[in-house]
Protein chains: 2
Amino acid sequence: MSEILPKFNSTFSIDCVVFGFDGGELKILLIERNEEPFKDWWALPGNIVGEQESLDQSAARILNELTGLSNIYMEQCYTFGDVSRHPQGRVVSIAYYALLRLGGDKAVKPISTYAKKANWIDVKDLPKLAFDHKEIFETGLEKIKRRIKHQPIAFELLPEKFTLTQLQNVYEVILSKKLDKRNFRKKMLSFGVLKDLEEKQQGVSFRAATLYKFDKKKYAKLFGKEISF
Amino acid sequence: MSEILPKFNSTFSIDCVVFGFDGGELKILLIERNEEPFKDWWALPGNIVGEQESLDQSAARILNELTGLSNIYMEQCYTFGDVSRHPQGRVVSIAYYALLRLGGDKAVKPISTYAKKANWIDVKDLPKLAFDHKEIFETGLEKIKRRIKHQPIAFELLPEKFTLTQLQNVYEVILSKKLDKRNFRKKMLSFGVLKDLEEKQQGVSFRAATLYKFDKKKYAKLFGKEISF
DNA sequence: AATTTTATTTGTATTTTTTATGTAATTAGG
DNA sequence: CCTAATTACATAAAAAATACAAATAAAATT
């Protein structure tokens, strides 16, 4: 492959903006770096792509190493390639965002050697980030803001069974605006992709709400018909 | 940068889906390759990213080498990184799409050594393409189909001065569906981003239509307010 | 047991946007 | 002057988005 080799050292990496929804707040998973450059800084989880890995596989691996989870919803987001974005050479980074259900058993288990620890941090309260990770985060947040209006990604952030109020909270936090309960409910139900589980919320100290789940089959039947939230 | 170097040969390239609108048809710019692999095949124009080039700069350079044009509307589209997408090694390709005004002076001048010639080819009549370029093209087409509904990109495909009918043609071809003239006109004008030039089309053998131009300043004032076509 | 607290649940009128359709006006060419 | 082709304008009907208030259920408190 002589003719396709560049004349300079270069490589490519994956960085992940991992969103979780917890306690009514939108959070992302950050690691504290254990290596230079940016040792002791907070950064997005990321790594070099392996020789026999596709980009998607690499992103899934990185997330698995960090959380122990697999089959997480991930999408490629944008590729960052400024000449000097990495102080030690030319590194092009393909950013992914991931959405996952928090709470309960889904604990974070930091495994990688390059990370001291990993924390969920509220997106409204982020520390300074290493490299151009601030920009990557912002791009990821913009993407999900757009996508939540047309695609059923909100459900990825909620437990399997959820109430309409919980669902509304996800929309409100991501879109940063209050929504009307009655109109939200009406519209959401009108899409016909929510299954009424005929089951009530447990352990709340007030009237329990009905639980719903997202019905993937019914959604698939809409066949790309635009949902416009 | 020892620790960030991968243990295997790899590089990254840019591939461009260059859209043009001509004679009522949507076309893309293809080159006929002059080198192995895929010698004599049609392919998207692309190249290796230079050491001191950002990705955006590289995309602009490639398009300039091919057309002689600069200041062309380009956007990053998606990054393709399957392990075996390039027969000679690991090459990750960052795809861009470009939109440009055809007709008149904007002739294509093939310069690169790796291309025998370059042609504008109707997207409805594409030949077999080298590498995974078919997939890249389809991704680019999907992107502009989505984007044209919310962003003023149609104007990039038209001359500075255009009629509402020409504009409607762009929408019809990209969205692959007929639109109602009266409703199209009403809606398009309602956005308030078209400037009536108080000037008529020339050299037509029927009633001449009014010429308009896209008013970037007025559009900027909308400040991200969603246009929904 | 009655009362208070908290959150769920439901309906309707109004406005805005989208869709559908009719018809007159303008221009070139025969 | 008449025809053909296209632009240009108006309005009604349907659908979707928005604004807005009161009753109900369950648990906690007194």
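Keep in mind it's a predicted model, so treat the numbers as computed, not measured. In what follows, every chain begins at residue 1, and chains take the letters A, B, ... in the order their sequences are listed.
Aromatic rings from B:F214 and B:F162 are positioned such that their centres are separated by 6.0 Å or more.
Mapped onto DNA chain D by nearest heavy atom, B:N183 and B:T163 fall at different nucleotides, with B:T163 at the one closer to the 5' end.
Between C:dT21, D:dT7, D:dA19, one nucleotide has an atom nearer to the side chain of B:D180 than all others, and that is C:dT21.
When the side-chain nitrogen and oxygen atoms of A:K187 are compared with OP1 and OP2 of D:dA16, none of them lie within a distance under 4.0 Å. Contact annotation: A:R185 reaches the phosphate of C:dT9 (side-chain N/O to OP1 or OP2, under 4.0 Å). Under 4.0 angstrom from either OP1 or OP2 of D:dT7 there lies at least one side-chain N or O belonging to B:K181. For B:T165 and D:dT6, the shortest distance from a side-chain N or O to OP1 or OP2 is not below 4.0 Å.
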Walk me through it: do A:E172 and A:K177 pass the test salt bridge (Lys or Arg N to Asp or Glu O under 4.0 Å)? CA-CA 5 Å; A:E172 289 183 337; A:K177 68 173 178 188; over 6 Å; no

Report the C-alpha distance between B:Q57 and B:R61 in whole Å, list the side-chain angles of each, state the deciding distance to 0.1 Å, and finish with yes or no for side-chain contact (heavy atoms from CB on, under 4.5 Å). CA-CA 6 Å; B:Q57 285 165 354; B:R61 169 180 58 81; over 6 Å; no

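A straight line from CE of B:M188 to C1' of D:dA8 spans 17 Å, rounded to a whole angstrom. Distance B:Q168 CD to D:dT6 P: 13 Å, rounded to the nearest Å. For the pair B:N169 CG and D:dT6 C1', the interatomic distance rounds to 13 Å; values are reported in whole Å. Across the protein-nucleic acid pair, A:L164 atom CG and C:dT10 atom P stand 10 Å apart, rounded to whole Å. When the P atom of C:dT8 is taken as reference, atom OH of A:Y212 falls 12 Å away, rounded to whole Å. Between the C1' atom of C:dT18 and the CG atom of B:L179 lies a distance of 13 Å, rounded to the nearest Å. A straight line from CZ of B:F191 to C1' of C:dT16 spans 14 Å, rounded to a whole angstrom. Atom pair A:Q166:CD and C:dT8:C1' shows a separation of 13 Å (rounding to whole Å applied).
A salt bridge links A:E25 with A:K124: the closest approach of a Lys/Arg side-chain nitrogen to an acidic carboxylate oxygen falls below 4.0 angstrom.
Side chain to side chain, A:D15 and A:S93 meet the donor-acceptor criterion of an N or O pair below 3.5 Å.
For the side-chain contact (heavy atoms from CB on, under 4.5 Å) with A:F21, the lone residue among A:I174, A:L102, A:V173 that qualifies is A:V173.
Evaluation of atom-type donor-acceptor distances gives a pair under 3.5 Å for the side chain of B:K186 against the base of D:dT11. Looking at A:R182, its side chain has no donor and acceptor atom pair within 3.5 Å of the base of D:dA22.
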Produce the list of close N/O pairs, under 3.5 Å, pairing protein atoms with atoms of nucleotides 27-30 of chain C; give distances to one decimal.
unit_1	atom_1	unit_2	atom_2	d
C:dA28	O4'	B:S205	O	3.4

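Screening residues 209-229 of chain A for side chain to side chain donor-acceptor pair (under 3.5 Å) gives A:K200-A:T210 as the qualifying pairs, with residues at least two apart or on separate chains.
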